[in-house]
Structure formats: structure tokens, C-alpha cells
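Scroll down for the structure; my scribbles are underneath it.
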Amino acid sequence: MTESTIATGRSVLASPEHVFDAWTDAAQLAAWWWPQLAGTTYDVDARPGGSYTITSPAIGVTVHGVYTEVHPSRRLAFTWNWEVGVPEQGVQDMVVVTFEPQGDATQLRVEHTSVAHEPDGSTEQGWNDVLARLTELFSGEAPRQSTSSRS
């Protein structure tokens, strides 16, 4: 298997501090990640060696991992383990999120590296879905419904 990286980003109308907090505070994460999926739980311990878990019983999916880098308002890096139904073994991806000031906004970039990216692009679509909801959250728009169950 060959490792590949999917990269996507958004300009978010908020400071890097506010956007970073939206990623690292469970209550804020719940407002934009999967708000359309009733019963989704969020557990976040955003510190190096800390972990996160997002579980959606509605679609039978859990994503979890460990923070490897936490640089407030600048960079987050964490492992990414995607489970559908029963826990899977083996593939552990890496995600890096960067926050760059851009006037009154933040240029947000997500890089997801894996040996298991699917050729249909569902991982990229999933990231685009959650980032669109994050952008909408800070623009004052109501977060839209997801078009994918991958992220």
C-alpha cells in the first residue's frame, strides 16, 4: 500500500484562537462536526499524549486518536483511527491541522495522511463536509447537512 495525503482548507471568519478552540473543546466541536447525527458524543483531551473520541451511534462510526502535537492557535497533529461497527486493527492515519492568521480570518488547512485512502474520494468529501460546517458556524449560518458519513 502506498501512503498518500489528502489536503483541504478553508478561510474561517474568526481568529486562530477561536478556530483552534472549536477543534479542541468538546462542546464547540459538537456544534459543527456531526451536529446532524443525534446522540453523537465528543471526548477531547487536547494535550500532547491526550486523546479524542467521536462516536456516532446513528451511523455506527467511531473516530479516535492521540494528539501528537498541540500548539495553541497554530497547529494540531493527531492520529486518526476510523471504526465502522467493530474496532478495526492495523491502519492508523495521521492528521495535521494548521491555523494561519489572515487579517480578521484564519486560513485553516487539514492534511490527512493514510495508506488506506479510498479511490472514491469519500475521505476528502468528509473533510470538506465538516470544514464547511465549521466555516458556516463562524459566519453565523446554520450548519448544513452532511453529504458523506466519512467525516
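- Gln107 and Gly9 get closest at one heavy-atom pair: NE2-C, 4.4 Å.
- The side-chain contact (heavy atoms from CB on, under 4.5 Å) search around Leu13 returns Ala105, not counting sequence neighbours.
- Classified by interplanar angle (parallel below 30°, tilted 30° to 60°, perpendicular above 60°), the ring pair Trp33/Trp127 is perpendicular.
- Under the 3.5 Å distance criterion, the side-chain polar atoms of Asp43 are left unmatched by any main-chain donor or acceptor of Thr53.
- Residue pairs satisfying the salt bridge (Lys or Arg N to Asp or Glu O under 4.0 Å) criterion with at least one member in residues 46-55, sequence neighbours excluded, are listed as follows: Asp45-Arg47.
- The shortest distance between side-chain heavy atoms of Ile54 and Leu29 falls below 4.5 Å.
- For the side-chain contact (heavy atoms from CB on, under 4.5 Å) test, residues two or more places apart in sequence or in another chain that qualify with Thr98 are Arg75, Val96, Arg109.
- Under the rule for a ring-ring contact (aromatic ring centres under 6.0 Å, His included), Tyr42 has no partner lying at least two apart in sequence or in another chain.
- Proximity of Val44 to Trp23: side-chain heavy atoms (C-beta onward) are nowhere separated by under 4.5 Å.
- The aromatic rings of Trp80 and Phe78 sit tilted, their planes meeting at an angle between 30° and 60°.
- When hydrophobic clusters are built by joining Ile, Leu, Val, Met, Phe, Trp and Tyr residues whose side-chain heavy atoms come closer than 4.5 Å, directly or via intermediates, Trp82 is not grouped with Val66.
- Atom CG of residue Asn81 and atom CG of residue Asp93 lie 7.5 Å apart, to the nearest 0.5 angstrom.
- Atoms OG1 and CD, from Thr8 and Glu124 in turn, are 6.0 Å apart once rounded to the nearest 0.5 Å.
- Val84 is connected to Val63 through a chain of hydrophobic side-chain contacts under 4.5 Å among Ile, Leu, Val, Met, Phe, Trp and Tyr, so both are in one cluster.
- In this structure, Ser73 and Pro16 approach most closely via the heavy-atom pair O-CB, 3.4 Å.
- Looking only at side-chain heavy atoms (C-beta outward), Asn128 and Arg10 come within less than 4.5 Å of each other.
- Under a hydrophobic-cluster definition in which Ile, Leu, Val, Met, Phe, Trp and Tyr are linked whenever side-chain heavy atoms come within less than 4.5 Å, directly or via other members, Leu76 and Val95 are assigned to the same cluster.
- Remark: Thr55 pairs with Thr62 by the side chain to side chain donor-acceptor pair (under 3.5 Å) rule, at least two apart or across chains.
- Not counting sequence neighbours, the partners of Thr5 by the side-chain contact (heavy atoms from CB on, under 4.5 Å) test are Glu111, Thr113.
- Going from atom CE of Met94 over to atom CD of Glu3 covers 10.5 Å, rounded to the nearest 0.5 Å.
- To the nearest 0.5 Å, atom CZ of residue Phe99 and atom NE2 of residue His71 are 11.5 Å apart.
- Distance alone, capped at 3.5 Å, is enough to place a donor-acceptor pair between the Thr106 side chain and the Ala14 backbone.
- Note that OG of Ser15 is 8.0 Å distant from CG of Asp21, once rounded to the nearest 0.5 Å.
- The backbone N or O of Val61 lies less than 3.5 Å from no partner atom in the side chain of Ser56, so there is not a single donor-acceptor pair.
- A donor and an acceptor atom, one from each side chain of Gln28 and His18, are nowhere located under 3.5 Å apart.
- Val70 and Phe20 make their closest contact through CG1-CZ, 3.8 Å (heavy atoms, listed as atom of the first residue, atom of the second, distance).
- Here CG of Leu108 is found 5.5 Å from CG of Leu131. Values are rounded to the nearest 0.5 Å.
- Side chains of Trp34 and Arg133 form a contact here, defined as non-hydrogen atoms less than 4.5 Å apart.
- Exactly one of Thr135, Leu137, Val97, Leu134 qualifies for a side-chain contact (heavy atoms from CB on, under 4.5 Å) with Val19. That residue is Leu134.
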